[in-house]
Amino acid sequence: MDNHNLTMLNEFILMGITDLPELQAPLFGLFLIVYLVSLLGNLDLIILTKTDSRLQTPMYFFLRYLAFTDLGYSTTVGPKMLVNLAVNQHTISYNWCATQLTFFSMFITSEICILSAMAYDRYVAICNPLLYTVIMSQRLCHLLVAIPYLHSVFLSLLITTKFFTSSFCGCNVIRHFYCDSLPLISLLSSDTHEIKLIILIFSALTLVSSLLIVLVSYILILVAILRMNSAEGRHKAFSTCGSHLKVIVIFYGTLFFMYVQPKSSHSLDTDKMASLFYTLVIPMLNPLIYSLRNKE
């Protein structure tokens, strides 16, 4: 087929989760429940941490924005995926594909940064408890949320602009159930070196810097806990950061499985399962993890 510019295309075709018709109805029911639980759980966290006077602390401030981010990227992907399963129509318009890529990139980048800000918050709470309210001032908390969002907006707009001003080949079939950067690269007919380099550099910088903050914070937390003489104090310190540590392990573990595994071991089904987990399951798990063992 002759190469042509993307502006000539009206829509893309998403391969979806499965091409087996008998699985579409059960999968629709399953992921509808998962999405609704995620929606209600994250909305509850946002409303409660905003209105309850007992929850006006830095930890719950960051938790509110984590819930907002989870709600954002699950809603960017979930409803469209459910519609495609329900009506057996795997098309997505040109404009919605660009919008979906923009918002998904923005929210997933914000999630990585906010998790590292929460790790720093836990470090200050455990290692400097007497200065906690002084260090984690309202101004610093707002900066630790604003900077990640500004960074994620810039990065997502840069990536989307690079994609949708490039030339695509005649094939408009996306080998995924939503518009993500990796499946879209395979559709480009123009030189992909620049856009691959941009994605690699910014993704690596974001992920590595965030992971370093998390690792350093938890190493210092572990050292502080081991120095405590009281068993009750150690238990309280572990419980303070336990929920966040679980979320960190699940989220980063899934990302590393998705993007760091050897290219030869990649398979389409494996990538889809990993993507389903961090786009729909993790946003459902986070409110449960933070709520079940939380007395407040």
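Small disclaimer: the values here were computed from a predicted structure and weren't measured.
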* Structure fact -> So OG1 of T254 and CZ of F277: to nearest 0.5 Å the spacing works out to 4.5 Å
* Kindly compute the distance separating CD1 (I248) from CG (L115), expressed to the nearest 0.5 Å. => 4.5 Å
* Approximate separation, where rounding is to 0.5 Å, of L55 CG and Y60 OH -> 5.5 Å
* Asked: Should the heavy atoms of other residues, nucleotides or ligands under 6.0 Å from CZ of F68 be counted, would the total exceed 12?
  -> no
* To do: Would you please classify the geometry between the F104 ring and the Y178 ring as parallel, tilted or perpendicular, with 30° and 60° separating the classes?
  => tilted
* Reported CD1-to-CD1 distance for the pair I92 and I13, which is rounded to 0.5 angstrom -> 12.0 Å
* **Distance-only polar pair, side chains of Y65 and S110, donor-acceptor under 3.5 Å** => no
* Asked: Can you find a side-chain donor-acceptor pair between S210 and Y252 that sits under 3.5 Å?
  -> yes
* Asked: Considering the options L285, L280, L82, which one meets the side chain to side chain contact (heavy atoms under 4.5 Å, CB included) requirement together with V34?
  -> L280
* So if you build clusters from Ile, Leu, Val, Met, Phe, Trp, Tyr with side-chain heavy-atom gaps below 4.5 Å, do L220 and L215 land together? -> yes
* Structure fact -> Quick note, salt bridge (charged side-chain N to carboxylate O under 4.0 Å, His left out) partners involving residues 55-74, not counting sequence neighbours, are none
* **Validation row: F62, L144 side chains within 4.5 angstrom (heavy atoms)** => yes
